[in-house]
Peer 1: 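Here it is, the structure, as structure tokens.
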Protein chains: 2
Amino acid sequence: MTINQDTFTGEYSYSIDAKGRVNIPAKFRQSLAPENDQTFVITRGMDSCIWVYPLTAWQIIEDDLKDLSAISGINRSFIRNTVRYASSVAFDKQGRIMLSANLLDYAQLKNDALIIGMVNKIEIWDPKVLAKVDKQNLEMDSSEYDELADKIIL
Amino acid sequence: MTINQDTFTGEYSYSIDAKGRVNIPAKFRQSLAPENDQTFVITRGMDSCIWVYPLTAWQIIEDDLKDLSAISGINRSFIRNTVRYASSVAFDKQGRIMLSANLLDYAQLKNDALIIGMVNKIEIWDPKVLAKVDKQNLEMDSSEYDELADKIIL
DNA sequence: ATAGATTATGGGTGATTGTGGGTAAACTAT
DNA sequence: ATAGTTTACCCACAATCACCCATAATCTAT
């Protein structure tokens, strides 16, 4: 019954309520390893979406950041921008997390959210934004996409 | 419920009142380890911002300074400039700390402060100054920034 | 098919947080 | 010493959040 811990696949659509809360799919909650303490870290993703990490996965990133020298200005900027929008959230008794106005705005989220398992993390999208971004990526690099498929698909 | 002690992430914006007080985000207060005794050490940061260390973290810096030979003039200058602007502050019952006129001036702070968790320390910025500094850093070293992202982001 | 459990969604309430200001003690400078 | 200024500590209030309960829809197992 137990799949790989901290591994997420599949797509789910939920509504965002007036308080800014979204449900985390029950399957994702169950595959979150117990040492995460029901806690995720949410932050800005690289496209206009929200990234959701299991707490322990995020701590690996933090540990790497600690090793960067503070003398270099570019290092400081990198640390700042990586950590700046991140916050840890535990889901409530109903399995929801609260999204800050800042993140909702960044990901252009209104009432509906599409939650997608990305293997080691989770993405939260506005449906329309996702469609647009994916289309752009495919148009730009379709041959590279096919190469990847050739290497990886069984 | 307990996250990593003395680890800070996220961005918060607060106002600086007429007395020079700023709020320390509740989350940061909670993740400050008890042996710090609700005390931070504030000093000049490397960019035009204020750096805020947990007391115990700062004590490690002081210990390292003690090991530097006082014979070397450059050592003495380094020690002097590292310690010169540092002072320890405990936050009041409302969770605020007082910033000296000297530090406020150095960081060009007026009415609004942006407080950013930088993993093992905290930065206090004027919003406009931060935008300018970050932009400069990115323009100068964008390729190095991308390399860092490639190495560290999961 | 039915009963029981789980899930998704909405709302209520007390506690916490951010912010302003008041007052008395402590400190400075004449 | 005294007047003026600064600091430490206290109280107050509005907004927000964490936590609880309720309900309808969906799933599970017999």
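In what follows, chains are A, B, ... by sequence order, proteins preceding strands, each numbered from 1.
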Peer 1: Only pairs under 3.5 Å count here: list side-chain donor-acceptor contacts from residues 135-146 of chain B, not counting sequence neighbours, and write none if there are none.
Peer 2:
residue	atom	partner	partner atom	Å
B:Asn137	ND2	A:Gly73	O	3.4
B:Asn137	ND2	A:Ser77	OG	2.8

Peer 1: If a pair satisfies salt bridge (Lys or Arg N to Asp or Glu O under 4.0 Å) and one of its residues is in residues 20-32 of chain A, list it, with sequence neighbours excluded.
Peer 2: A:Asp17-A:Arg21
Peer 1: Could you list the residues that satisfy salt bridge (Lys or Arg N to Asp or Glu O under 4.0 Å) with A:Lys110, not counting sequence neighbours?
Peer 2: A:Asp126
Peer 1: Identify all pairs in which a protein N or O lies below 3.5 Å from an N or O of nucleotides 23-25 of chain D, and state each distance.
Peer 2:
none

Peer 1: Starting at atom CD1 of B:Ile24, determine the distance to atom C1' of C:dT16, rounded to an integer number of angstrom.
Peer 2: 17 Å
Peer 1: Rounded to the nearest angstrom, tell me the gap between atom CZ in B:Phe91 and atom P in C:dT16.
Peer 2: 15 Å
Peer 1: N/O contacts under 3.5 Å, protein versus nucleotides 26-29 of chain C?
Peer 2:
none

Peer 1: Tell me every residue that passes ring-ring contact (aromatic ring centres under 6.0 Å, His included) with B:Phe28, counting only those two or more places apart in sequence or in another chain.
Peer 2: B:Phe8, B:Tyr12
Peer 1: Can you pull out how bent the helix from C:dA1-D:dT30 to C:dT30-D:dA1 is, comparing the axes over its first five and last five pairs, to 10°?
Peer 2: 40°
Peer 1: When you get a sec, tell me which of C:dG18, C:dT9, C:dG20 is the closest nucleotide to the side chain of A:Tyr14?
Peer 2: C:dT9
Peer 1: According to salt bridge (Lys or Arg N to Asp or Glu O under 4.0 Å), does anything in residues 53-73 of chain A pair up with another residue at least two apart or in another chain? List the pairs.
Peer 2: A:Asp63-A:Lys66
Peer 1: By a strict heavy-atom criterion of less than 4.0 Å, which residues belonging to residues 109-131 of chain B are in contact with DNA chain C?
Peer 2: none
Peer 1: What is the per-nucleotide protein-contact pattern of nucleotides 4-12 of chain D, from the 5' end, where B denotes a base atom under 4.0 Å from a protein heavy atom, S denotes such proximity for sugar-phosphate atoms only, and - denotes neither?
Peer 2: ---SBBBBB
Peer 1: Less than 3.5 Å apart, which donor and acceptor atoms pair up between the side chains of residues 87-108 of chain B and the rest of the protein, not counting sequence neighbours?
Peer 2:
residue	atom	partner	partner atom	Å
B:Asp92	OD1	B:Gln94	N	2.9
B:Asp92	OD1	B:Gly95	N	3.0
B:Asp92	OD1	B:Arg96	N	2.9
B:Asp92	OD2	B:Arg96	NE	3.4
B:Ser100	OG	B:Leu103	N	3.2
B:Asn102	OD1	B:Arg44	NH2	3.2
B:Tyr106	OH	B:Gly45	O	2.8
B:Tyr106	OH	B:Asp47	O	3.2

Peer 1: Less than 3.5 Å apart, which donor and acceptor atoms pair up between the side chains of residues 50-57 of chain A and the rest of the protein, not counting sequence neighbours?
Peer 2:
residue	atom	partner	partner atom	Å
A:Trp51	NE1	A:Glu123	OE2	3.0
A:Tyr53	OH	B:Leu154	O	3.4
A:Thr56	OG1	A:Asn36	OD1	2.9

Peer 1: Taking atom P of C:dT9 as reference, at what distance in whole Å does atom CG of A:Asp17 sit?
Peer 2: 9 Å
Peer 1: Within this structure, what is the CG-to-C1' distance between B:Asn23 and D:dT16, rounded to whole angstrom?
Peer 2: 13 Å
Peer 1: Whole angstrom is fine here: how far is it from NZ in A:Lys27 over to P in C:dT6?
Peer 2: 17 Å
